[in-house]
Amino acid sequence: KTCFQSPEVNLIKSLPSKIHLQCIYYSLACIVIYNMNPKILVYSTSKELIRLIEPLHGSKLYYALLRCLAEVPEERTLLYI
């Protein structure tokens, strides 16, 4: 288990296991946030990660990361316009 995995991946107890494709979007957002602020290793929940990107509020990157960090995997999208 790492801070770069989505919450549902961290809950996996046995292999093989099925996960949603959008789990990768959560991981991608974590990697981007980590590159901007290495404190991500301490934080693990979506709400804490969103607090780390607050300085970007109003930017396209902020909203792209926000969509990737959605709590429900089906709501995660990777859209950067």
Considering only distance and modelled atom types, tabulate donor-acceptor pairs under 3.5 Å from the side chains of residues 64-71, sequence neighbours left out.
unit_1: R67; atom_1: NH2; unit_2: L79; atom_2: O; d: 2.4
unit_1: E71; atom_1: OE2; unit_2: S46; atom_2: OG; d: 3.3

_Distance in Å, L52 CG paired with C30 SG, rounded so as to fall on 0.5 Å steps_ = 10.0 Å

_From CE (M36) to CD1 (I53), nearest 0.5 Å_ = 6.5 Å

_Can you give me the closest heavy-atom contact between L15 and I12, atom names plus distance?_
CD2-CG2, 4.3 Å

*E54: side-chain hydrogen bond (donor to acceptor under 3.5 Å, both in side chains) partners, not counting sequence neighbours*: Y62

*Residues sharing I24's hydrophobic cluster, by side-chain heavy-atom contacts under 4.5 Å among ILVMFWY, directly or via others?*
Y25, L28, L78

*When rounded to the nearest 0.5 angstrom, what is the spacing between CZ in F4 and CD1 in I33?*
10.0 Å

*Shortest non-hydrogen contact between P7 and Y26, atoms and distance*: CD-CZ, 3.6 Å

*I19 CD1 to L11 CG distance, which is reported to the nearest 0.5 Å*: 12.0 Å

*Is the closest side-chain heavy-atom distance between R76 and C23 below 4.5 Å?*
yes

*Output the distance between atom CD1 (I50) and atom CG (L56), rounded to the nearest 0.5 Å.*
12.5 Å

